[in-house]
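Just below is one structure, and these are the notes that go with it.
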2 protein chains.
Amino acid sequence: MSNVFQALSSPVRRKILAFLSEASLTAGEIAGKFEMSKPALSKHLSILTNAGLISSEKKGQFVHYCLVKENLFASMNDFLVDFCPEGKPLKVESHAIAKEQRDME
Amino acid sequence: MSNVFQALSSPVRRKILAFLSEASLTAGEIAGKFEMSKPALSKHLSILTNAGLISSEKKGQFVHYCLVKENLFASMNDFLVDFCPEGKPLKVESHAIAKEQRDME
DNA sequence: TAGTTAATTAACTATTTAGTTAAATATATA
DNA sequence: TATATATTTAACTAAATAGTTAATTAACTA
């Protein structure tokens, strides 16, 4: 859990996740989207991997990275659930989480 | 947004939020729950305040802090929504975010 | 085999973060 | 008024973070 929020605290890493939510990419392709060295990106990728938010597969000389969406959602859920009072579960749709929550008060 | 995840990246600060989700507390009461100096706690409180996750009100010599639950949920929602494909909105209940998301794949 | 490309690891540096103690501020009370 | 209490701010230090370049590893290709 701590790993996950630590991983999400970086704008660069959140941007990596956003890219991967659209398509799987190789390490080099990801690095190409940032103005930063490949080793720096590689470190970000390893932090996201340790948090369980992405996974990788080596194909030849390339390493393909993809988002592990279920872990992202499971982590956020595990965290948010503690803020939902008993008998008043989250019951939301799409963009509406915040609004519904506001209406609960 | 970056403020929020930065704020949430600390276990101490997440614990503060958890305490405040049960009841509003003064700065001193919060500090009493941690083995850490009051100035250290004060800094954590100001980080959470800047992120919009808590608010405070001075009553006499005490400062009462409370959770701003709607901002917590709104922030999480704004983030997660980008990972929900169009036409496949989040539609979840209570502990089920992760599971529902898994079933979508 | 030699050379090239993709990616990671190692070694290092600058900056940020998280804590400390001491000082300051503001309110309450004897 | 003087003193005590609650909280924050200031000044500082140790540790963690995020980046750099150079070196290494692994796989492809001429």
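Chain naming here is simple, since letters A, B, ... match the order of the sequence lines and numbering starts at 1 in each.
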Using atom [atom1] of [X] as one end and atom [atom2] of [N] as the other, report the distance to the nearest whole Å.
X	N	atom1	atom2	value
A:Met36	C:dA7	CE	P	16 Å
B:Glu57	D:dT8	CD	P	14 Å
A:Phe62	C:dA6	CZ	C1'	7 Å
A:Arg14	D:dA18	CZ	P	12 Å
A:Ile47	D:dA16	CD1	P	14 Å
B:Phe34	D:dT7	CZ	P	15 Å
B:Lys58	D:dT5	NZ	P	17 Å
B:Gln6	D:dA16	CD	P	16 Å

Look at the side-chain N and O atoms of [X] and state whether any lies under 4.0 Å from the OP1 or OP2 oxygen of [N].
X	N	value
B:Ser37	C:dT20	yes
B:His44	C:dT17	no
A:Thr26	C:dA7	yes
A:Tyr65	C:dA6	no

Pairwise distance CZ(B:Phe83) to CE(A:Met76) - rounded to 0.5 angstrom = 10.0 Å
request  = Report yes if the side chains of B:Ile30 and B:Phe19 come closer than 4.5 Å at any heavy-atom pair, otherwise no.
outcome  = no
request  = Could you tell me whether the side chain of B:Leu17 reaches within less than 4.5 Å of the side chain of B:Leu8, counting heavy atoms only?
outcome  = yes
key: The single option from B:Leu45, B:Leu48, B:Leu25 passing side-chain contact (heavy atoms from CB on, under 4.5 Å) against B:Tyr65   = B:Leu45
task = Please evaluate the base of D:dT7 for a donor-acceptor partner in the side chain of B:Gln61 within a cut-off of under 3.5 Å?
result = no
request  = For A:Lys43 and for B:Ser10, find the nucleotide of DNA chain C with the closest heavy atom, then tell me which residue's nucleotide is more 5'.
outcome  = A:Lys43
note = Per nearest nucleotide of DNA chain D, the residue lying toward the 5' end, B:Ser42 or A:Glu35, is B:Ser42
message = Of the listed nucleotides (C:dA7, D:dT9, C:dG19), which one gets closest to any side-chain atom of A:Ala27?
response = C:dA7
message = Using Watson-Crick or G-U wobble geometry with both distances under 3.5 Å, which nucleotide pairs with D:dG19?
response = C:dC12
ask   = Which part of the nucleic acid, if any, lies within reach of B:Ala40 when heavy atoms closer than 4.0 Å are counted: base, sugar-phosphate only, or nothing?
value = base
query = So, A:Lys38 side chain and A:Ala31 main chain: donor-acceptor pair closer than 3.5 Å or not?
reply = no
